*Asks:* 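Submitted below is the structure of interest, expressed as structure tokens.
Counting starts at 1 for both ligands and their atoms, in listed order. A quick note: this is a predicted structure, and the numbers were derived from the prediction, not measured.
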Amino acid sequence: MNEPYSPATARPVSSTSPSTMKMFMTFLAVFIVAQTVGTVLFCLYLHMKMDKMEEGLSLNEDYVFLRKVQKCQTTEGQKSTLLDCEKILKGFQDLQCKDRDASKEQPKFEMQRGHEHHEHPRSLHKNKTFTAVEKREPIAAHLAGQMTKKTVSVLEWKTTMYGPMSDNAISYQEGKLKVKEAGLYYIYAQVSFCTKAATSAPFTLYIYLYLPMEEDRLLLKGLDTHSSSTTPCDLQSIREGGVFRLREGDMVFVNVTDSTRVNYNHGSTYFGIFKL
Ligand SMILES: *[C@@H]1O[C@H](CO)[C@@H](O)[C@H](O)[C@H]1NC(C)=O
Ligand SMILES: *[C@@H]1O[C@H](CO)[C@@H](O)[C@H](O)[C@H]1NC(C)=O
């Protein structure tokens with residue numbers, strides 16, 4: 001009856017105890033390792049998830065900002081006191097400026113505009129500059145003869161009331177016209193002069209390309225020896241013009257065989273150039 005408590009039955013318990021213990025310990029170790037690995041994996045997952053959420057949040061912020069910009073560009077939006085339109089539009093323009101500076105291109109996205117008269121001054125300014133680039137002023141200069149008493153080797157010129165002078169593309173110095181852009185140019189000149197019966201040498205009008213390092217190159221030449229009358233001044237004119245390919249910084253000038261005979265009456269002596 002008291003058998004259960006006999007040492008015979010107790011022995012198997014005590015003999016199996018170490019192996020159970022061993023199994024239990026092994027299980028515990030495996031469990032702990034699994035737990036640790038699981039925790040690490042979960043932490044990694046959580047971290048990635050947080051990153052994604054953060055990204056999503058910032059995208060959402062961008063979206064809200066763009067919505068605000070869009071609203072501000074409508075008439076109702078500008079009236080709304082909830083939106084600080086001035087600040088929002090300024091922020092948006094700053095962004096666009098950065099974008100343009102970075103790529104030197106037109107803005108990648110053009111917002112749909114509200115009514116024309118509600119346009120921001122900045123966008124008006126932008127439009128003006130764009131049209132200025134498109135409808136560029138022609139490059140041209142037309143000058144009138146500048147009277148000089150002494151004999152000169154290069155005729156001198158002055159601007160006139162209606163004659164153009166593209167100061168940003170053509171400059172004038174000591175009788176020479178200098179082009180800032182390379183290209184095809186029509187160059188022309190007219191000189192009116194007195195022919196005296198006594199002189200038989202032809203009066204010649206030249207247009208030269210000025211070359212500082214070498215001999216100047218003749219572009220155009222016109223001659224006149226006509227002298228039928230015996231009056232002290234038989235007035236005549238020589239006119240010439242032609243198209244030439246000029247390089248950046250090239251200079252052209254006009255000279256005549258005898259500059260003292262040039263007539264400077266209004267409209268009779270002139271020099272001009274324009275880019276084709
Ligand atoms: C730009 O200006 C021109 C006139 O200079 C006007 O006809 C045109 O509608 C303007 N464009 C925009 C987008 O405002
Ligand atoms: C006109 O200019 C050319 C080129 O510089 C020069 O050779 C010539 O002597 C000049 N003519 C006169 C009359 O000054």
*Asks:* Using a 4.0 Å heavy-atom threshold (strictly under), name the region of Asp258 that reaches ligand 2: side chain, backbone, both or neither.
*Replies:*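 Neither part.
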*Asks:* Using distance alone, with no hydrogens and no angle criterion, decide if Tyr188 and His142 have a side-chain donor and acceptor under 3.5 Å apart.
*Replies:*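 Short answer, yes.
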*Asks:* Measure the distances from the heavy atoms of Phe253 to every atom of ligand 2 and state whether one is below 4.0 angstrom.
*Replies:*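 Flag set, Phe253 near ligand 2.
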*Asks:* Does a side-chain heavy-atom distance below 4.5 Å link Thr148 with Leu155?
*Replies:*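 Side-chain contact under 4.5 Å: no.
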*Asks:* Any protein heavy-atom neighbour for atom 2 (O) of ligand 2 (distance below 4.0 angstrom)?
*Replies:*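 So atom 2 (O) of ligand 2 has protein heavy-atom neighbours under 4.0 Å.
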*Asks:* Between Ser268 (side chain) and Ser192 (backbone), is there a donor-acceptor pair under 3.5 Å?
*Replies:*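 No: the side chain of Ser268 does not pair with the backbone of Ser192.
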*Asks:* Counting only heavy atoms not in Lys90, do more than 12 fall under 6.0 Å of its NZ?
*Replies:*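 Count not over threshold, so no.
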*Asks:* For Ser153, counting its heavy atoms only, list the atoms of ligand 2 lying under 4.0 Å from any of them.
*Replies:*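 Those of ligand 2 that fall under 4.0 Å from Ser153 are 14 (O).
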*Asks:* Is Asn255 reaching over with its side chain to a backbone N or O of Ser153, donor-acceptor style, under 3.5 angstrom?
*Replies:*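 Yes; judged by distance alone, with no hydrogens or angles, the pair exists.
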*Asks:* State yes or no: are the ring centers of Phe274 and Tyr186 separated by less than 6.0 Å?
*Replies:*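 Here the rings of Tyr186 and Phe274 have centres that are less than 6.0 Å from each other.
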*Asks:* Checking a contact table here: which protein heavy atom is nearest atom 7 (O) of ligand 2, and how many Å away?
*Replies:*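 Minimum-distance protein heavy atom for atom 7 (O) of ligand 2 reads Tyr208 OH, 4.3 Å.
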*Asks:* Have a look at Leu211, Leu209, Asn255, Asp216 and point out the one with the heavy atom closest to atom 6 (C) of ligand 2.
*Replies:*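 Nearest heavy atom to atom 6 (C) of ligand 2 lies in Asn255.
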*Asks:* Which residue supplies the protein heavy atom nearest to atom 13 (C) of ligand 2, what is that atom called, and how far is it?
*Replies:*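 For atom 13 (C) of ligand 2, the nearest protein heavy atom is Val256 O, 3.2 Å.
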